[in-house]
Amino acid sequence: SLGSLYSFAVAICIGWLNIGLIYTLFNAASAQVESALHWPSEHVKQWATLASSIIPAGAGIGPLFSGIIFSKSSRRFQLIGADLLTVVGSLMTLCENFGIFILGRFFLGVVAGVNGLVIPIFIREMSPPDVSGKLGCLNKLGYSFGITLSFGLSLALPTDEQESSFWIFMFILPARS
């Protein structure tokens, strides 16, 4: 039925919500992450820049994996693989080791690239032509909601030098959705 198709499309577009979260979580919580992971003050600026820029680098490589490695698998399998990589990448961003943190951020970028390619194709393949365009807008809605959620959650972070572990919840959130 049309109602179940819309419900299915909304559930699939959670991947776009994750893309919004993945791109913006570090920006929203960078001060807390830098403090909690004990980044040396002489490296904070460079490490923060790398932590922000590694996501788009991974997102550029993600569609290549999706096209090359997963070409013989279903879109559903590709999305499940991206979800598993989201869990791994999210957990890695909680590590104090900067290399593991960056690798986790890179994996999340790959997930953003895979989801950005596969979700619209999957929705188009699963929906009849007369509603395909209507369902296509759900991608951007999920992305916008992910960005809004990220910055909304950052309002709960302390603005002074006070330690907070709320950023951990924020960084695990993509793995839970």
Side-chain angles (χ1 to χ4, degrees), residues 2-33 51-67 70 73-94 101-127 131-157 164-177:
L2 194 57
S4 62
L5 180 62
Y6 276 103
S7 298
F8 175 76
V10 167
I12 294 298
C13 284
I14 289 175
W16 273 91
L17 179 137
N18 273 347
I19 294 172
L21 284 171
I22 288 167
Y23 268 99
T24 57
L25 279 175
F26 180 75
N27 295 337
S30 61
Q32 294 295 316
V33 173
S52 292
S53 61
I54 199 74
I55 294 288
I61 292 173
L64 296 176
F65 282 118
S66 194
F70 298 124
S73 64
S74 69
R75 306 277 185 244
R76 181 175 178 266
F77 178 77
Q78 293 175 30
L79 293 173
I80 291 169
D83 288 345
L84 292 174
L85 193 56
T86 301
V87 171
V88 170
S90 293
L91 291 173
M92 291 173 75
T93 62
L94 304 179
F101 175 83
I102 289 299
L103 187 59
R105 297 274 298 159
F106 178 77
F107 286 165
L108 291 173
V110 170
V111 167
V114 169
N115 282 346
L117 175 70
V118 174
I119 291 172
I121 294 170
F122 191 48
I123 289 175
R124 192 170 352 129
E125 289 175 350
M126 298 301 292
S127 59
V131 295
S132 177
K134 295 174 188 170
L135 295 176
C137 72
L138 293 174
N139 296 330
K140 290 300 176 190
L141 186 63
Y143 181 69
S144 298
F145 184 70
I147 292 170
T148 304
L149 180 62
S150 172
F151 286 110
L153 289 171
S154 72
L155 294 174
L157 292 169
S164 170
S165 58
F166 187 69
W167 70 273
I168 294 172
F169 166 76
M170 292 173 63
F171 273 52
I172 289 294
L173 193 58
R176 295 184 48 91
S177 21

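In what follows, every heavy atom counts, from backbone to side chain, and hydrogens, waters and symmetry copies are set aside.
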Test side-chain hydrogen bond (donor to acceptor under 3.5 Å, both in side chains) applied to [X] - qualifying residues, sequence neighbours left out:
X      : result
Ser4   : Ser1
Trp167 : none
Ser150 : Thr24
Ser52  : Asn27

Subject >> Chi angles and distances behind the side-chain contact (heavy atoms from CB on, under 4.5 Å) call for Phe171, Leu25 >> reply: CA-CA 7 Å; Phe171 273 52; Leu25 279 175; 4.2 Å; yes
Distance-only donor-acceptor hits, side chain of residues 103-120, under 3.5 Å, sequence neighbours excluded:
| unit_1 | atom_1 | unit_2 | atom_2 | d |
| --- | --- | --- | --- | --- |
| Arg105 | NE | Ala51 | O | 3.0 |
| Arg105 | NH2 | Ala51 | O | 2.8 |

With rounding to the nearest 0.5 angstrom, report the [atom1] to [atom2] distance, [X] to [Y].
X      : Y      : atom1 : atom2 : value
Ile147 : Ile22  : CD1   : CD1   : 11.5 Å
Asn18  : Tyr23  : CG    : OH    : 13.0 Å
Leu173 : Thr86  : CG    : OG1   : 11.5 Å
Ile12  : Ser127 : CD1   : OG    : 11.5 Å
Met170 : Phe26  : CE    : CZ    : 11.5 Å
Ile80  : Leu85  : CD1   : CG    : 14.0 Å

Among residues at least two apart in sequence or on other chains, which ones pass side chain to side chain contact (heavy atoms under 4.5 Å, CB included) with [X]?
X      : result
Val87  : Leu91, Ala175
Ser164 : Gln32, Leu157, Pro158, Phe166
Ala31  : none
Leu138 : Ala9, Val10, Cys13, Leu135, Leu141

**OP:** Please report the closest heavy-atom contact between Ser90 and Ile172, naming both atoms and the distance.
**Re:** O-CD1, 4.3 Å
**OP:** Can you see which heavy atom on Arg76 is nearest to which on Phe122, and at what distance?
**Re:** N-CE1, 4.2 Å
**OP:** Enumerate the residue pairs fulfilling side-chain hydrogen bond (donor to acceptor under 3.5 Å, both in side chains) with a member in residues 116-126, sequence neighbours excluded, ordered by first and then second residue.
**Re:**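 Applying side-chain hydrogen bond (donor to acceptor under 3.5 Å, both in side chains) to every pair that reaches into residues 116-126, excluding sequence neighbours, yields Arg75-Glu125.
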Show me the donor-acceptor pairs within less than 3.5 Å that the side chains of residues 54-62 make with the rest of the protein, sequence neighbours left out.
none

Subject >> Residues forming a ring-ring contact (aromatic ring centres under 6.0 Å, His included) with Phe145, sequence neighbours excluded >> reply: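 Counting only residues at least two positions away or on another chain, Phe145 forms no ring-ring contact (aromatic ring centres under 6.0 Å, His included).
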